[in-house]
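Quick notes on the structure that follows.
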Amino acid sequence: MRPVGSKYLLEEPLGRGATGTVWRARQREAAGAEAAVAGQPGETVAIKVLKEELANDADVVMRFLRERSVLLRLTHPNIVRTRDLVVEGDLLALVMDLVDGPDLHRYIRENGPFTPVAAALLTAQIADALAASHADGVVHRDLKPANVLLADANGQMHPMLTDFGIARLADSPGLTRTHEFVGTPAYVAPESAEGRPQTSAVDIYGAGILLYELVTGRPPFAGGTALEVLHRHLSEEPRRPTTVPEPLWTVMERCLRKEPDERPSAENLARGLRTVAAGIGVHSSAAQVEAALGVGAMLAPDPAPAPVPGTPATPGASDPTQMLPGGAGSYDPYDPNAATSVMPATGPRAADPTAVMPQSSPEDPHPWQNQMRAARDRNEQTQVQYLDPSQDPLRRRPQRQPAPRPQQPPQQPPQHYAPQRQQQPYQQQPQRQPQQRYAPPQPPPQQPAPRAPREPRRSANPMRIPGLGCLKGCLFTVVILVVAAWMIWELTPLQDWVADGKSFWNQVSDWVSDASTWVSELMNSTEPPPPPETAP
């Protein structure tokens with residue numbers, strides 16, 4: 001267990017998010033007057049401990065202290081109440097009511113999508129919470145199913161929106177260098193991605209995506225990377241699923257408008273969703289159905305949307321959390337071929353932001369030419385040069401072998417002179433004369449290497465059996481003779497002459513039996529008679 005301040009004690013983690021870890025905690029003593037809820041000793045609460053990078057940022061700590069009153073006074077039946085804020089050294093924590101239930105993201109993954117009526121009624125309660133927060137000037141900016149907890153209220157599902165003010169605290173100039181935008185890519189509004197002015201309309205866009213996911217089980221825009229998802233938010237329109245009724249799709253389409261001024265207010269959104277839920281049910285009356293079909297007239301935009309503090313008020317101004325190139329005033333589609341430079345180009349070479357190598361004058365050699373020249377210099381010693389044949393050691397090698405001369409006896413000069421006269425023309429004439437015709441000397445002809453004796457072909461049978469080749473020939477001959485005898489027996493009248501119409505195989509079996517009988521009789525005749533028995 002880890003103490004948080006002097007009044008709370010952490011017990012076990014419940015979940016981890018992008019901004020911190022949520023713990024189940026217990027209150028050690030009643031809080032002071034600075035807390036919204038004093039509480040009782042032993043009461044169970046939920047504490048969200050922010051990450052160290054947030055706690056170590058001075059700007060986040062200042063916002064944390066400055067907006068304490070805003071977060072503590074934000075109360076609504078569909079909002080998880082913030083009870084207290086703790087600042088202790090490098091620790092920042094929010095003390096909230098503990099909601100014993102799953103979040104909406106987990107519920108959808110385990111139980112599947114909602115029916116259109118249930119999705120409309122649940123989103124209407126979330127819109128009520130957004131209307132209350134917008135009235136106090138608080139914009140959530142990270143509305144998604146994971147931030148909606150489902151409490152059990154008398155057997156009914158009661159959604160409660162949490163993490164209010166976390167995006168507002170995390171939107172610090174010191175942190176935007178590593179986090180390009182605040183929010184989740186699948187639920188971020190187009191103006192947030194482009195760096196345009198942000199108002200409470202970003203929550204309405206998130207509510208439209210949440211409603212779409214409740215009915216279909218997935219958000220309308222997805223992709224392999226965050227940049228691809230943001231690009232689809234900027235350039236694509238959502239497609240109507242086949243399971244969404246027309247009145248409910250009218251609400252989704254109005255919430256997912258690219259321009260924030262065309263989205264309805266949170267209060268009008270809640271009223272329109274309840275009208276649609278009443279008109280698309282099984283037991284809906286004709287008047288309810290007609291009211292649901294005309295829900296578009298109820299979705300009026302907010303005349304005075306709540307602005308997000310710290311965002312630019314001038315359309316087209318640059319925002320420190322900008323990730324994609326923004327337009328000027330009206331919505332500009334995302335251009336994938338636009339400039340991708342992330343550092344400003346300054347100085348006399350600002351006109352060429354894509355230069356990655358120092359510029360060189362036309363007279364200077366290109367760096368690649370320098371590399372080629374260096375390679376040629378390294379290979380200078382291996383170039384082919386003209387060589388006098390008389391200085392070639394390969395050509396003079398036969399002259400260095402006067403081995404037969406000292407072996408002969410000196411007292412026989414005629415025998416020594418005769419082979420010498422025959423050897424001189426052979427050594428000089430074929431060596432020197434042909435080499436003078438050509439400027440570059442050719443290498444000496446290479447004698448063909450002696451051909452290795454052909455190895456006998458190996459048999460597929462790895463076993464070496466003596467006489468196997470002869471045995472194969474004998475067997476093949478026997479098979480040919482048997483086949484020839486059978487064809488002669490069958491195709492000629494020989495079987496009628498010799499065996500009275502018997503088949504070849506029957507006659508062969510008779511011959512074999514006769515031969516075996518003859519051999520057995522012969523063996524019996526050659527055995528000596530038994531000795532006569534003598535009388536005792």
Side-chain angles (χ1 to χ4, degrees), residues 1-5 7-27 37 39 43-56 60 64 71 74 76 78-88 90-112 114 122 125-126 129-130 133 138 140-153 157-171 175 178-179 181-188 203 206-207 209-210 213-214 217-219 226:
M1 293 186 179
R2 174 186 173 186
V4 176
K7 304 179 181 65
Y8 307 99
L9 193 65
L10 301 181
E11 293 183 346
E12 61 176 348
L14 299 178
R16 291 178 175 85
T19 56
T21 305
V22 180
W23 293 76
R24 180 190 298 271
R26 191 169 301 278
Q27 192 164 351
V37 180
E43 188 175 356
T44 304
V45 296
I47 297 181
K48 182 162 190 176
V49 180
L50 301 185
K51 287 187 175 180
E52 293 183 0
E53 60 184 22
L54 295 175
N56 294 331
V60 174
F64 196 83
L71 297 177
L74 190 60
H76 189 270
N78 295 106
I79 295 178
V80 178
R81 181 176 50 176
T82 302
R83 303 164 64 106
D84 194 5
L85 279 74
V86 178
V87 180
E88 183 183 22
D90 58 350
L91 184 142
L92 296 180
L94 286 82
V95 183
M96 301 172 291
D97 290 341
L98 179 63
V99 179
D100 193 6
D103 59 76
L104 191 55
H105 175 80
R106 175 183 173 185
Y107 185 88
I108 295 175
R109 295 300 177 269
E110 293 180 353
N111 300 278
F114 286 69
L122 190 143
Q125 299 182 62
I126 298 175
L130 293 176
S133 65
V138 179
H140 193 284
R141 299 178 62 191
D142 195 16
L143 181 60
K144 57 185 177 181
N147 286 335
V148 178
L149 303 179
L150 300 178
D152 188 4
M157 190 178 301
H158 185 73
M160 301 189 69
L161 192 55
T162 186
D163 268 1
F164 265 100
I166 296 298
R168 188 172 178 179
L169 292 174
D171 190 10
L175 297 173
T178 56
H179 300 80
F181 61 91
V182 176
T184 306
Y187 305 91
V188 70
D203 289 345
I209 296 181
L210 185 143
E213 186 171 1
L214 287 180
R218 55 181 177 83

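We use all heavy atoms of the structure for the numbers below, so side chains are in, but hydrogens, waters and symmetry mates are not.
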Could you state the interatomic distance from CD1 (Ile47) to OG1 (Thr21), rounded to the nearest 0.5 Å?
-> 12.5 Å
For atom CG of Asp152, decide whether the heavy atoms of other residues, nucleotides or ligands shown that lie under 6.0 angstrom number more than 12.
-> yes
Please report the closest heavy-atom contact between Gly217 and Arg109, naming both atoms and the distance.
-> O-NH1, 3.6 Å
Inter-residue atom distance Lys48.NZ - Met96.CE, 0.5 Å rounding | 6.5 Å
Begin from the C-alpha positions of Val45 and Asp84 and carry the test side chain to side chain contact (heavy atoms under 4.5 Å, CB included) through to its verdict.
-> CA-CA 11 Å; Val45 296; Asp84 194 5; over 6 Å; no
What closest approach, in Å, do Leu130 and Ser133 show between heavy atoms, and which atom pair accounts for it?
-> O-OG, 2.9 Å
Exceeds 12 heavy-atom contacts within 6.0 angstrom, atom CZ of Arg2 = no
For Asp97, what residues pass the side chain to side chain donor-acceptor pair (under 3.5 Å) criterion, not counting sequence neighbours?
-> Arg81, Arg83
Is there side-chain contact between Leu74 and Thr82, with at least one heavy-atom pair below 4.5 Å?
-> no
Do side-chain atoms of His140 reach the backbone of Thr162 as a donor and acceptor pair under 3.5 angstrom?
-> yes
Enter the distance from Thr44:OG1 to Asp100:CG here, rounded to the nearest 0.5 Å.
-> 9.5 Å
So, do Asp163 and Asp142 sit near enough that their side-chain heavy atoms are less than 4.5 Å apart?
-> no
Straight-line distance of Arg218 CZ to Ile108 CD1, nearest 0.5 Å = 12.5 Å
Step-by-step salt bridge (charged side-chain N to carboxylate O under 4.0 Å, His left out) determination, Lys7 to Glu43 | CA-CA 11 Å; Lys7 304 179 181 65; Glu43 188 175 356; over 6 Å; no
Thinking salt bridges, do Glu12 and Arg24 make one under a 4.0 Å N-O criterion?
-> yes
Taking side chain as C-beta onward, heavy atoms only, is Val148 less than 4.5 Å from His105?
-> no
Heavy-atom side-chain contact between Trp23 and Val4 under 4.5 Å | no
Note, Pro145 side chain near Tyr187 side chain (heavy atom, < 4.5 Å) | yes
Scanning both residues in full, the closest heavy-atom pair of Ile126 with Pro159 reads CG1-CB, 4.3 Å
Are any side-chain N or O atoms of Asp203 and backbone N or O atoms of Arg141, one a donor and one an acceptor, separated by less than 3.5 Å?
-> yes
Apply side chain to side chain contact (heavy atoms under 4.5 Å, CB included) to Lys144 and Leu104, showing your working.
-> CA-CA 9 Å; Lys144 57 185 177 181; Leu104 191 55; over 6 Å; no
Got a sec: does the CZ of Arg106 have more than 12 other heavy atoms crowding it under 6.0 Å?
-> no
